[in-house]
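In what follows, a single structure is set out as structure tokens and then discussed.
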Number of protein chains: 2
Amino acid sequence: MPKRYSPDKKDINTEEKIKIAARSVFHKKGFVATRTRDIALEAGINLALLNYYFRSKEKLFDIIMAETLHTFVASLISVLNDESTSLQHKVEAFTKAYIEMLIREPEIPIFIMSEMHHHPDKLLARLNAKALLFESAFAKQYVQEFEKKNIAAMPMLQFLMNILGLTVFPFVASPLLKKIGNLSGNEFNALMKERIKRIPEWISLIMNPDAHP
Amino acid sequence: MPKRYSPDKKDINTEEKIKIAARSVFHKKGFVATRTRDIALEAGINLALLNYYFRSKEKLFDIIMAETLHTFVASLISVLNDESTSLQHKVEAFTKAYIEMLIREPEIPIFIMSEMHHHPDKLLARLNAKALLFESAFAKQYVQEFEKKNIAAMPMLQFLMNILGLTVFPFVASPLLKKIGNLSGNEFNALMKERIKRIPEWISLIMNPDAHP
DNA sequence: GTCTATATTTAGATAGAC
DNA sequence: GTCTATCTAAATATAGAC
């Protein structure tokens, strides 16, 4: 991997240009459907440079995927581990952060889910997902909340399915939903912004069915 | 396309063998990642026979996709258009039918969603999805219900996102969820069966926040 | 209808000039 | 570092024997 010092002005160097193009094309088409020629074209560089900088299509993909996964879980982690906020606030913060991120990068969920189905081991090997959820500040609050109320807790995994299903799924199914509702991209996004307010209310109703007279 | 009369015993003819294998491989790997050789091998037939019967990989794929889409919406349609059942019952019937279907064929959602993102026009061209939802018996009941209660209805699209997100999303994210929860396939399915009971309750809470003291 | 052998196309990767 | 030209390895599809 060549070093670059580039104390240059504003211009982006070649390696970065390739990564930006690769991210865009991989996210849109996935690993197998992406051709290195597509990336080179999008980056405005010569095909041979891709291998010069990244050795192979797969190594380039691994880098992009690692960064994308980080984007996908980073905001989740910071929300889950903030000791200073309430459970309800965490749900609100998560929903807002996630939907805003997904409006900016709507292809990320289908990209990750799709690649995850085709190479689960490769993608999940590093992820200590169990610790991520079950050892977070969120987890402690979650069990405390239910102990306090002395009711049977919804298993945390069911909770996770609910909040991810409500926030992430519309982006996975967006082509279908746009067709059904005859929606433009902007109209779809407006519906999703509406959900930023609604989802925490719905989650609250689901988890505390007795507390809302 | 060759005709076959096959008043044969129990044995399956070659065309059907190819379709069964193609469905399995396409569902698992998607269109681009599937090689015709994989299908031939899985079907136990010669590679050339695939082209003999179906002309091309793409034509075979189109047939499989049409059938898969039919599976995916058929149970939905019959539920939505049953004039004799209540709104609540429709939600219960839908949830049960869908989750049971998805336990049998868990790759269908990621398969459809993934292909839909990559060729939205091709897949959605025929589907009169708008009529499917907005002209159903379900739609009439939906607006009536809210008029009766004299409250602002949740837009039907938001309702659709909710029920699909709660039922379908876990199957899209199953590799991630299994990893996080350290679940086997059977344990995952058990959680989903639990959701058959829970989701209609949650939907009811969300849609009628005042009716549950 | 089914097979073997092969033609054609495409995409990832590299050699070597500049 | 960047380019042109090319090598090599797949994978779809077909020709033609049986």
Side-chain angles (χ1 to χ4, degrees), chain A residues 1-65 114-115 118-119 122, chain B residues 1-65 114-115 118-119 122:
Chain A
M1 193 69 49
K3 279 289 176 211
R4 72 236 108 98
Y5 314 100
S6 78
D8 286 354
K9 11 252 159 200
K10 54 182 183 264
D11 218 5
I12 306 176
N13 64 34
T14 300
E15 189 176 343
E16 197 57 30
K17 266 196 280 189
I18 295 173
K19 278 181 63 175
I20 291 170
R23 179 156 33 243
S24 166
V25 180
F26 278 138
H27 281 191
K28 257 195 289 264
K29 318 221 291 186
F31 179 75
V32 276
T34 293
R35 293 167 306 161
T36 52
R37 283 164 170 81
D38 299 333
I39 298 174
L41 186 69
E42 172 106 1
I45 54 100
N46 187 280
L47 173 58
L49 286 177
L50 192 151
N51 292 81
Y52 174 75
Y53 278 98
F54 297 96
R55 295 288 299 174
S56 74
K57 175 187 176 184
E58 188 172 6
K59 285 195 171 36
L60 174 55
F61 176 81
D62 290 345
I63 292 171
I64 299 299
M65 175 55 87
S114 184
E115 300 294 335
H118 298 133
H119 323 280
K122 180 173 178 181
Chain B
M1 190 70 49
K3 279 287 175 214
R4 71 237 110 96
Y5 314 100
S6 77
D8 286 355
K9 8 253 156 202
K10 54 182 184 266
D11 217 5
I12 306 175
N13 64 33
T14 300
E15 189 176 343
E16 195 58 30
K17 268 195 278 188
I18 295 173
K19 278 181 63 176
I20 291 170
R23 177 156 35 241
S24 166
V25 181
F26 278 137
H27 281 191
K28 257 196 288 267
K29 317 220 291 187
F31 179 75
V32 276
T34 293
R35 294 166 307 159
T36 50
R37 281 163 170 80
D38 299 334
I39 297 174
L41 185 68
E42 172 106 0
I45 54 102
N46 188 281
L47 174 57
L49 286 177
L50 192 149
N51 292 82
Y52 175 74
Y53 279 98
F54 297 97
R55 295 287 302 173
S56 74
K57 176 186 174 182
E58 189 172 5
K59 285 197 171 38
L60 174 55
F61 176 82
D62 290 344
I63 292 170
I64 298 299
M65 175 55 87
S114 186
E115 299 295 336
H118 299 133
H119 323 280
K122 181 173 178 180

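Throughout, a chain's letter reflects where its sequence line sits, starting with A, and its residues are numbered from 1.
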Whole angstrom is fine here: how far is it from [atom1] in [X] over to [atom2] in [N]?
| X | N | atom1 | atom2 | value |
| --- | --- | --- | --- | --- |
| B:Phe54 | D:dT14 | CZ | P | 15 Å |
| B:Ile18 | D:dA13 | CD1 | C1' | 14 Å |
| A:Leu49 | D:dC3 | CG | P | 5 Å |
| A:Lys17 | D:dG1 | NZ | C1' | 12 Å |
| B:Glu16 | C:dG1 | CD | P | 14 Å |

NZ/NE/NH1/NH2 to OD/OE distance under 4.0 Å, A:Arg23 and A:Glu42: no
B:Lys59: which residues meet the side-chain hydrogen bond (donor to acceptor under 3.5 Å, both in side chains) condition with it, sequence neighbours left out? none
Who passes side-chain hydrogen bond (donor to acceptor under 3.5 Å, both in side chains) against A:Arg35, sequence neighbours left out? A:Asp38
Can you check each nucleotide of nucleotides 12-18 of chain C against protein heavy atoms at under 4.0 Å and return B for base, S for sugar-phosphate only, - for none, in 5' to 3' order? BBB----
Do the non-hydrogen side-chain atoms of [X] and [Y] ever get within less than 4.5 Å of each other?
| X | Y | answer |
| --- | --- | --- |
| B:Leu60 | B:Phe26 | yes |
| A:Lys19 | A:Tyr53 | no |
| A:His118 | A:Phe31 | no |
| A:Asn51 | A:Arg55 | no |
| A:Asn13 | A:Glu16 | yes |

One pair to check against side-chain contact (heavy atoms from CB on, under 4.5 Å): A:Leu41 and A:Arg37. What are the steps and the verdict? CA-CA 6 Å; A:Leu41 186 69; A:Arg37 283 164 170 81; over 6 Å; no
Would you say the side-chain atoms of B:Lys57 pair up with the backbone N or O of B:Thr34, donor to acceptor, closer than 3.5 Å? yes
Between its two end axes (five pairs each) the helix from C:dG1-D:dC18 to C:dC18-D:dG1 turns, nearest 10 degrees, through 10°
Looking at D:dT2, I'd like to know if its phosphate oxygens (OP1 or OP2) sit under 4.0 Å from a side-chain N or O belonging to A:Thr14. yes
Test ring-ring contact (aromatic ring centres under 6.0 Å, His included) applied to B:His27 - qualifying residues, sequence neighbours left out: B:Phe111
Can you list, in residue-number order, the parts of residues 19-30 of chain A that come under 4.0 Å of DNA chain D, counting heavy atoms only? none
